[in-house]
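Since the structure is predicted, the reported quantities are computational estimates derived from the model, not experimental observations. Convention: sequence-line order gives letters A, B, ...; per-chain numbering from 1.
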Amino acid sequence: MMNQTLKNSEVNLKPGTVITGKWNKKSYHIHACLGQGAIGSVYLAKQSDQKMVALKISDKTASITTEVNVLKSLAKVQGSTLGPSLFDVDDWIDRRGQCYPFYTMEYVRGNELRSFLRSRGDQWLGLLFIQLLEDLERLHQQGWVFGDLKIDNLIVASSPPKLRWIDVGGTTQIGRSIKEYTEFYDRGYWQAGSRKADPSYDLFALAMVALHYAYPNQFDRGSHPSKTLIEKVKSARLLAPYQDCLRKALQGRYQSSEAMKKDLNKILLQSQPKREPVQNSGKRQRPITKFSAKLAWLESLIILIIASLFWIIYYFI
Amino acid sequence: MKTGTLKQILLITDGCSNKGEDPSMVATLIQQQGVTVNVIGVLEDDQSENPVGLEEVEEIALAGGGVSQIVYKQALSQTVQTVTRQAMTQTLQGVVNKELKHILGDNQTIDALPPEQRGEVMEVVEDLSETSNIEVLVLVDTSASMQNKLPTVKEALIDLSVSMNARIGKNRFSIYTFPGKRNAINKVIDWSEKLDKVSSVFPKLTSGGITPTGPALKEAMHQFSKTGLLRSLKRDDESNLEEFGS
Ligand SMILES: Nc1ncnc2c1ncn2[C@@H]1O[C@H](COP(=O)(O)OP(=O)(O)O)[C@@H](O)[C@H]1O
């Protein structure tokens, strides 16, 4: 039988190791470890044609196979990148004869969402969320819910910045029970709904991504979990512009990503560069912050102008 | 493929059994009756190493054909539901493996198939674990050292029913504690679909110093055969795990 216990299924491969698939005979040269998670380890590896790929390997045959199945069905959605593209699926037999299933996928080069926002500015949050909501809408249209949406599973791919998800381990068909989730992001945990996969499950988790960014140490449920969430949204200064939208997502009031995206869009277009900073610059803010806030708004205005230019170009071509 | 109702015992404990039959032996017996035994060992927050008693945890689960995990109490909720689901998948894989051997001859298990076919088989397993009916008997150790873990256990059980009730298949849960006052185990909740009621009836106090895990498991097993018996009187077509057809 496959998994007798839920032991940590890390497979430790040293840089320089070459692994060859049992079935397809392709070889991969391991460069570095990209991360280790609940299901397995992900390595940066080089194919024989020098191309870099991400290689996920584990001893959990069932979980790896399930992820491969999801990636395969997502690949059928034409002309879109819902999740990293899948390249190869195989088994690796180590020296002791132990079999480890693995798959290779597109290496998503970029930054973690958290570090991206810290270095480029919080005002990117709204725009990146809009991008993600577009992908979520398409995913939902295909009958899937992402499930385990969380800040660690989001990468801002570079040039141009685009928010993308990795780790489809939680991706579940609509109407079924969510395959894999993380408590802090799970609406069941917050007593705000069921664990049945529907589009609003992802939108709740997306709002929690914003909250996790605003509260890096997270926070407890308290005696009224859903009230706690609303209060936390209210008191997070950097989420102020998105308050209403986040609240609606947390209360399950969006039936589709499209609806949430429209609201966010409106917020981004409405927020006048002058109005907000004046309101916020009351007692607590020091002049330096005021200055940088101005800069920030200028930057977001420029981003907006560029975005709308793109939109106009796109629209007329 | 039909699998009938999956039957599981989930034992939640924090220590070594010290009275009565060997729990691993009882677990083996239980597995032979078509019921899987899963075990979760709960650690104290400040325990950095697994105490000796918890070695038993893995052994019981192995004997009972189930899954085991040792956790700190904060992680209990998520662990309870992963262990339950993992055990379902494992049982169903076992079922599918048996079928494969039937069709393709000995030595054929899911792992031995080429990745392509493995994917198809896994899809079947997943469909089954979403749609199968399941009965989970939760057996909670309420010996003295469990005292400050009981509120967390209660929450984890409510959470379990939230997870399981999101599935398409039907669920039935019952909760027992041990040691019981007069019998080996003490009924907290009889077989029911949801566990919302658990808040009001779950014990807040522990019930004694001894940990008769073996006898408790044995008594728990009989709670299945009773309901099994009842239902087979009502419906003859109820298939047992051993007798799934295709
Ligand atoms: N396609 C990819 N491109 C780049 N990095 C990746 C890719 N897939 C995974 N990673 C990195 O590996 C880490 C762990 O992968 P993940 O799939 O989340 O593992 P698990 O499912 O076991 O939690 C991620 O946090 C990410 O940093």
Side-chain angles (χ1 to χ4, degrees), chain A residues 1-8 21-24 38-39 59-73 86 88-91 93 98-103 147 172-173 175-184 186-198 201 220-221, chain B residues 38-40 57-59 61-62 65-71 74-75 77-79 81-83 85-87 89-97 109-123 125-127 129-131 155 158-169 171:
Chain A
M1 218 160 275
M2 285 182 211
N3 305 306
Q4 286 294 357
T5 47
L6 294 172
K7 282 204 204 81
N8 218 347
K22 169 184 169 184
W23 307 92
N24 300 334
I39 282 167
D59 58 359
K60 295 187 172 172
T61 314
S63 310
I64 288 280
T65 309
T66 306
E67 291 189 14
V68 167
N69 278 347
V70 171
L71 288 171
K72 273 190 188 158
S73 2
L86 178 71
D88 188 20
V89 186
D90 214 323
D91 293 334
I93 314 285
Q98 187 76 28
C99 176
Y100 297 97
F102 71 86
Y103 64 87
T172 308
Q173 276 158 329
R176 293 191 164 197
S177 55
I178 295 290
K179 256 188 244 162
E180 195 183 299
Y181 62 85
T182 305
E183 249 171 25
F184 185 75
D186 164 54
R187 72 173 176 201
Y189 173 77
W190 292 97
Q191 294 166 18
S194 76
R195 285 192 187 121
K196 223 183 232 311
D198 60 24
Y201 187 90
D220 286 335
R221 273 190 288 192
Chain B
N38 302 313
V39 193
I40 295 179
V57 161
E58 193 172 344
E59 198 186 300
L62 274 173
V67 174
S68 69
Q69 179 84 321
I70 294 175
V71 287
Q74 309 90 279
S77 285
Q78 214 156 9
T79 307
Q81 72 96 22
T82 348
V83 162
R85 301 202 57 160
Q86 193 107 17
T89 312
Q90 190 172 294
T91 307
L92 292 166
Q93 273 166 8
V95 171
V96 172
N97 272 342
T109 64
I110 303 176
D111 304 68
L113 290 174
E116 192 73 24
Q117 272 122 301
R118 203 185 289 160
E120 288 166 25
V121 172
M122 220 25 236
E123 232 159 77
V125 171
E126 258 187 66
D127 286 353
S129 73
E130 178 69 28
T131 53
E155 265 181 43
I158 297 173
D159 197 74
L160 174 68
S161 85
V162 172
S163 271
M164 299 307 283
N165 282 317
R167 295 183 326 121
I168 294 166
N171 312 289

Heavy-atom contact with chain B under 4.5 Å, split by part of A:Val89: both
What part of A:Tyr103 gets within 4.5 angstrom of chain B, counting heavy atoms only: side chain, backbone, both, or neither? neither
When heavy-atom pairs shorter than 4.5 Å are enumerated against chain B, which of A:Lys196, A:Arg176, A:Gln191 gives the highest number? A:Arg176
Taking all non-hydrogen atoms of both residues into account, name the closest pair between A:Tyr181 and B:Ser163 and its distance. OH-OG, 3.6 Å
Can you measure from CG (B:Asn165) to OG (A:Ser177) and round to the nearest 0.5 angstrom? 10.5 Å
Separation of A:Ser73 OG from B:Glu123 CD (nearest 0.5 Å): 7.0 Å
Worked check of side-chain contact (heavy atoms from CB on, under 4.5 Å) between A:Gln173 and B:Glu126: CA-CA 11 Å; A:Gln173 276 158 329; B:Glu126 258 187 66; 5.9 Å; no
Under 3.5 Å, side chain of A:Glu183 to main-chain N/O of B:Ala75, donor-acceptor pair present? no
Proximal component of A:Ile178, with respect to chain B [non-hydrogen, under 4.5 Å]: backbone
Counting heavy-atom pairs under 4.5 angstrom with chain A, the leader among B:Ser77, B:Gly119, B:Pro114 is B:Pro114
Nearest 0.5 Å please: distance from the CD atom of A:Glu180 over to the CD atom of B:Gln78. 9.0 Å
Please report the interatomic distance NZ(A:Lys179) to CD(B:Glu130), rounded to the nearest 0.5 Å. 10.0 Å
Check this for me: does any side-chain nitrogen of one of B:Glu116 and A:Lys72 sit under 4.0 Å from a carboxylate oxygen of the other? yes
Any idea which of A:Asp91, A:Asp90, A:Asn24, A:Val68 has the most non-hydrogen atom pairs under 4.5 angstrom with chain B? A:Asp91
Nearest 0.5 Å please: distance from the OG1 atom of A:Thr61 over to the CZ atom of B:Arg118. 6.0 Å
Any chance you could measure A:Asp186, atom CG, to B:Asp159, atom CG, to the nearest 0.5 Å? 7.0 Å
